[in-house]
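Okay, structure first, notes after.
Just so it is clear, the values below take in all heavy atoms, side chains as well, and ignore hydrogens, waters and symmetry mates. Both counts, for ligands and for their atoms, begin at 1 and track the order of listing.
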Amino acid sequence: MLALHGTGVGAGIAIGKARVISKPGDNIARYEVAEDDLNAELKRFKVGVENAIASLISAGEKFEDSIPEEVAALLETHSLILQDPMLQEETVKIIRDKNVNAEYALLIYQKRMQKVFDEIPDPYLSSKSADISQVIQRVQGALIESDESAEQSLNNQPDGAFDGEIIIANDLTPADTIALKKHQISGFLTNLGGPTSHTAILARSLQIPAIVGLHNALNLLRTGDLLIVDGKRGVILAGPDEVSLDAYRRRREKIIHRSQALETLREAESVSLDGQKVNLLSNVELPEEVALSVRQNAEGVGLYRTEFLFMNREELPDEEEQYQVYSEVLKSSDKSVTIRTLDLGADKQVDGGRVSESQGTNPALGLRAIRLCLHDLGLFKPHLRAIFRASVHGKTKLMVPMLSTVEELDQLFILIAEVKQELRAQGCEFDDAIPIGAMIEVPAAAVAADIFAHKLDFLSIGTNDLIQYTLAIDRIDDEVNYLYDPLHPSILRLVKMVIDAGKNANIPVSMCGEMAGEPEFTRVLLALGLREFSMDPASLLEVKQRILMSDIRLLEQALPAIMSEMEPGKLRQKVTALNQ
Ligand code: PEP
Ligand code: MG
């Protein structure tokens, strides 16, 4: 039995068979091939080589007569290298001698050849090793594709193709994760990723037990391995014994019973012991999740992430399609829905190519969210029009992400005025009094929250990005996710500044980052003055339970000692003490 640790992101326990999926461009995984499976692996290698040759031929045919001479020569060279018996024989030998998978055997061969070429004094001849590398990558790509790349396998497979399996990948994009939804997978594991990456957020909202940031899961786990995934603790057991299986089955039952017990709180009003009302709302990524929000009796949708509508498709949705989808979302909720304008960029890329083209060297600090929208009015204006048109179907609020300057707000107001005028001129109905708010998720906006508060109808604290930008930790980088700390004094101070700014300007302040859905932080947030929490609907009842058992006046008395605590360990202890 092998135990691995990573960052648990989707709570719950999954027990199932592993399915390793590779994507072209991933690091080449090494896995052991059992003696009995060697012939099958050699056959797989042979098919990979044949497919690579076929792809070279079809590349040549594509150009037909117009093929430039140098390209024809290159294809010819690559074809000859591919058919070179040495490449094939040596790779077969490595597979046999080392009992490794074909892709990895090719990698070993490539390294050996590189060494030989590096020793050739003639720079021209030495540079020819690049051709061998490219050919090898082509075969590796063919092998991976024959296993079905994540994109192919996730998007083009029939529903439920991975029924009950636990997907293992180097990384999954948020778009991949949405595609996973239609397959009845029981969990997923990735080498990369952090706890507030959008992939992790989706895992939580889709209620898939998941662990990210495993670093080397691909090297250690194989398709077919029996796995236990503990999404809460971030633990994986591969090849578990009967005792562990039994223990985890019982724990899984317990978790299910606990969440069933919480169902009794569904209708309870969310009021603290000292009689203060706390609003609990939900975050939704996909329109169908609104149903869960309604079922959990949330006070509305505090964050609807519209950008997910733009993923996994060739063409971006036009105004009409957006109007239809937003209208459906509004109709399916009898309470208010806060529609967040597009937060594309960084880890949320779209297939239409529009966003990828504008990627800078540091996407999280680049043209993302409101910046991208103000830069691309062809994208933003139809989006705003669709939201305003849909607003007749329900109580709509509009919220912009990643605000950092007042000029952005001024531009936004001008655009909204233009959109309203156009709609009026066209005789389209819309709600003229939609509250306009912004996410406070850039430290600059938190520090200057008072300035923004006076211009807006509400604020919502996005702790996922606020923590990323304040602590300078890329939220999708598994190497630094150990630094993610919602209790860092800087974060508590910034959260307090925003809540106070809202109070002074007499506007509501909500929190929609993942911190709002973590019951361990509920009381410290209540003490800080937060009275509106928006979270993944599956966490709502647990947070409600905390509120029902909290006396906010007492919590407020404990706050000064927390805020003045200089030592992180002691600060954490004091926050933990609030929960006792
Ligand atoms: C946040 O940053 O906290 C947030 C809620 O937005 P997102 O996670 O979509 O960036
Ligand atoms: Mg954000």
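Using a 4.0 Å cut-off to heavy atoms of C512, the atoms of ligand 1 that qualify are 5 (C). Counting the atoms of ligand 1 from 1 in the order shown, those under 4.0 Å from a heavy atom of D465 are 1 (C), 2 (O), 3 (O), 10 (O). Listed by atom number, the atoms of ligand 1 under 4.0 Å from I201 heavy atoms are 8 (O). Within ligand 1, the atoms closer than 4.0 Å to a non-hydrogen atom of D343 are 9 (O), 10 (O), numbered from 1 in the order shown. Here is the list of ligand 1 atoms found below 4.0 Å of a heavy atom in L303: 5 (C). Close approach of ligand 1 to R305 is summarised as follows: ligand atoms under 4.0 Å from at least one heavy atom of the residue are 4 (C), 5 (C), 6 (O), 7 (P), 8 (O), 9 (O).
The shortest side-chain heavy-atom distance between L492 and L571 falls under the 4.5 Å cut-off.
Atom 4 (C) of ligand 1 has its closest protein heavy atom at M439 CE, 3.5 Å. At the shortest separation from atom 6 (O) of ligand 1 among protein heavy atoms lies R340 NH1, 2.9 Å. Nearest protein neighbour of atom 7 (P) of ligand 1, counting heavy atoms only, is H198 NE2, 3.1 Å.
Distances from the Mg ion (ligand 2) to each N, O or S atom of D465 single out OD2 as the nearest.
Taking the charged nitrogens against the carboxylate oxygens, K570 and E565 have no contact shorter than 4.0 Å, which rules out a salt bridge. One finds no salt bridge joining E299 and K335 here, because no Lys/Arg side-chain nitrogen approaches an Asp/Glu carboxylate oxygen to under 4.0 Å.
The option with the heavy atom closest to atom 8 (O) of ligand 1, from among E514, R368, E441, R475, is R475.
Judged by a 6.0 Å distance limit and a 45° cone about the ring axis, R389 is positioned over the six-membered ring of Y323.
Between the side chain of S391 and the backbone N or O of D431 there is at least one donor-acceptor pair closer than 3.5 Å. Of the possible donor and acceptor atoms, none in the side chain of E307 sits under 3.5 Å from a partner among the backbone N and O of L344. Of the possible polar contacts, one joining the N191 side chain to the A217 backbone as a donor-acceptor pair under 3.5 Å is found.
Inclusion of E441 in the first shell of the Mg ion (ligand 2) is supported: an N, O or S atom falls under 2.8 Å.
Under a cut-off of 6.0 angstrom, the local environment of NZ in K232 is sparse, with at most 12 non-hydrogen atoms contributed by other residues, nucleotides or ligands.
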